[in-house]
Amino acid sequence: MNEPHLGNPLGEKIARLLDHGLGEIKQGTLYRLQASRREVVANFHPVQGAQTNSGGTLAAHGRGSHYSGWHFKPAMLLPLIMLLIALVGLTYWHDHRQGEEMADIDTLLLSDDLPFDAYLDQDFDRWLEDTSR
Amino acid sequence: MVRRYFAVIVTVAALLGSVFSISAHAILPEPVQPAQPVWVELTPSQKQILAPLATDWNNFEPSRKKKWLGIAARYPQMKPEEQQRIQTQMRDWAKLTPEQRKQAREKYQHVKKLPPEKREVIKQKWQEYKDLPEDQKKLKRDTAPAPIPAPAVSMVPPASNPLPAQPK
């Protein structure tokens with residue numbers, strides 16, 4: 001923690017706080033911290049074009065790994081698949097309902113005692129309006 | 001992170017669901033209609049009911065076949081006179097253009113909402129009109145005065161009725 005923190009006052013402040021009482025850390029805790037650091041460093045993939053702190057401190061690595069962009073994770077796929085299935089299902093259900101509605105209307109229209117010709121005859125429309133005034 | 005992502009997905013799904021009726025087809029492509037049976041694959045009962053459509057059946061698109069199969073499914077529950085009307089009108093109805101069918105459905109929907117006495121007037125007037133000689137129908141058409149007062153009975157809907165968007 002005694003490495004320089006060039007141009008990063010916040011990092012320097014955090015480092016000072018961490019340095020304070022560094023000697024009081026238990027051996028087991030120290031080992032776990034080192035193991036965590038190794039793991040973070042091993043998994044760190046710098047983003048192309050991203051700004052990195054040349055100090056290479058924990059703070060810099062931490063920032064790099066946390067904000068390194070959108071990482072695809074298989075767990076994200078499940079909600080997406082669910083959403084897609086739901087949308088496809090809703091579309092089919094919507095179409096099915098429309099088809100049923102259409103069958104209902106046509107059944108009623110064709111079985112009605114007023115034939116469909118009456119609805120298509122423009123002359124009848126006019127005649128009906130004229131004679132019902 | 002995953003939990004937050006899941007929450008976003010659920011929220012998006014809820015929003016999409018709430019506006020689904022207007023947006024489903026904008027989001028997804030038109031779904032492929034499942035194949036419908038050709039004429040020889042129909043049951044004997046369906047063939048009997050849909051007999052007037054036999055020659056045209058195989059040329060119908062799937063959604064249209066599905067609609068007619070829906071009508072055939074409702075057919076046994078109908079009164080004999082209703083069945084007879086469907087049988088006599090089926091073929092001519094199938095020969096109409098989609099626009100004509102849409103127009104007929106819209107007017108039917110409008111007439112269906114009229115009070116029973118007005119519907120009865122329309123039916124009586126249709127009988128009367130049908131019995132008129134052709135020249136008298138034409139005379140009425142040619143000498144029709146400017147429509148000053150509103151008609152008591154009209155089959156023309158005041159505005160387009162919201163019908164399902166697939167007139168087949």
Side-chain angles (χ1 to χ4, degrees), chain A residues 43 65-133, chain B residues 2 5-6 9-10 12-13 16-17 20-21 24-25 27-28 31 33 63 66-68 70-71 74 78 81-83 85-86 89-90 92-93 96 100 103-105 107-109 111-112 121-123 125-126 129 137-138 140-141 144-145 147 149 151-156 163-168:
Chain A
N43 291 332
S65 62
H66 194 73
Y67 294 104
S68 59
W70 183 268
H71 283 290
F72 174 77
K73 290 179 183 170
M76 295 173 180
L77 206 58
L78 183 64
L80 263 182
I81 291 170
M82 283 167 61
L83 177 66
L84 200 65
I85 290 172
L87 281 175
V88 169
L90 280 169
T91 308
Y92 273 100
W93 175 77
H94 190 250
D95 281 3
H96 175 75
R97 256 195 55 191
Q98 275 195 343
E100 286 293 303
E101 203 177 328
M102 197 65 75
D104 278 339
I105 294 172
D106 283 13
T107 303
L108 292 170
L109 196 158
L110 294 176
S111 62
D112 194 56
D113 52 359
L114 186 64
F116 71 79
D117 292 341
Y119 302 110
L120 296 174
D121 192 328
Q122 307 294 330
D123 292 337
F124 176 58
D125 278 349
R126 191 180 298 188
W127 184 85
L128 179 65
E129 291 186 7
D130 287 347
T131 55
S132 64
R133 283 202 174 91
Chain B
V2 171
Y5 180 74
F6 188 79
I9 291 289
V10 168
V12 169
L16 290 177
F20 179 78
S21 60
H25 290 283
I27 297 162
L28 291 174
Q33 291 282 341
S63 61
K66 194 178 170 190
K67 187 205 71 182
W68 281 111
I71 293 174
R74 290 159 175 81
M78 298 164 139
E81 62 267 27
E82 291 174 333
Q83 293 179 344
R85 285 183 207 125
I86 286 200
Q89 297 197 97
M90 199 181 282
D92 290 336
W93 177 256
L96 296 179
Q100 286 174 317
Q103 182 192 340
R105 287 181 189 119
K107 284 191 177 178
Y108 171 75
Q109 295 279 74
V111 169
K112 205 172 77 165
V121 168
I122 290 175
K123 286 170 187 174
K125 290 278 186 184
W126 173 250
Y129 175 80
K137 290 178 191 173
K138 287 185 193 307
K140 279 282 177 190
R141 181 173 53 200
V153 181
S154 172
M155 290 183 30
V156 182
L163 269 178
Q166 48 172 40
K168 301 282 165 60

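Chain letters run A, B, ... following the sequence lines, proteins first, then strands; residues in each count from 1.
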Undergrad: Identify whether the distance between the nearest side-chain nitrogen and carboxylate oxygen of B:Arg74 and A:Glu100 falls below 4.0 Å.
TA: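 Yes, B:Arg74 and A:Glu100 are salt-bridged.
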
Undergrad: Return the CH2 to CG distance between B:Trp126 and A:Leu128, rounded to the nearest 0.5 Å.
TA: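 These two atoms lie 10.5 Å from each other.
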
Undergrad: Less than 4.5 Å apart, any side-chain heavy atom of B:Gln103 and any of A:Gln122?
TA: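 Counting from C-beta outward, B:Gln103 and A:Gln122 do come under 4.5 Å.
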
Undergrad: Just give me the residue among A:Asp117, A:Asp113, A:Leu114 that pairs up with chain B most often, heavy atom to heavy atom, under 4.5 Å.
TA: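 Winner by heavy-atom pair count: A:Asp113.
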
Undergrad: Considering non-hydrogen atoms only, spot the tightest contact between B:Ala104 and A:Leu109 and give its length.
TA: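 Distance-wise, the nearest heavy atoms are O-CD1, 3.8 Å.
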
Undergrad: Under 4.5 Å heavy-atom distance to chain B, tell me which part of A:Leu78 shows up: side chain, backbone, both or neither.
TA: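 Neither; nothing under 4.5 Å.
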
Undergrad: Would you mind checking if A:Asp125 and B:Lys107 are paired as a salt bridge, meaning a charged N to carboxylate O distance below 4.0 Å?
TA: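 Yes.
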
Undergrad: Specify the closest pair of heavy atoms between B:Arg85 and A:Ser111, including all atoms of both residues, with the distance to one decimal.
TA: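 Minimum heavy-atom separation between B:Arg85 and A:Ser111: NH1-O, 2.6 Å.
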
Undergrad: Quickly, which of B:Gln89, B:Glu82, B:Lys123 forms a side chain to side chain contact (heavy atoms under 4.5 Å, CB included) with A:Asp112? Name it, please.
TA: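 It is B:Lys123; the other options fail the test.
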
Undergrad: Do the rings of A:Trp127 and B:Tyr129 sit parallel, tilted or perpendicular, given the 30° and 60° boundaries?
TA: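 Answer is tilted, since the angle falls between 30° and 60°.
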
Undergrad: Write down the atom of A:Thr107, the atom of B:Ile86, and the distance for their closest heavy-atom approach.
TA: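 A:Thr107 and B:Ile86 have their closest heavy atoms at O-CD1, 3.9 Å.
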
Undergrad: Could you go step by step and tell me if A:Tyr119 and B:Arg105 meet the side chain to side chain contact (heavy atoms under 4.5 Å, CB included) rule?
TA: CA-CA 8 Å; A:Tyr119 302 110; B:Arg105 287 181 189 119; over 6 Å; no

Undergrad: Does the side chain to side chain contact (heavy atoms under 4.5 Å, CB included) test come out yes or no for B:Leu96 and A:Leu120, once each step is laid out?
TA: CA-CA 10 Å; B:Leu96 296 179; A:Leu120 296 174; 3.6 Å; yes

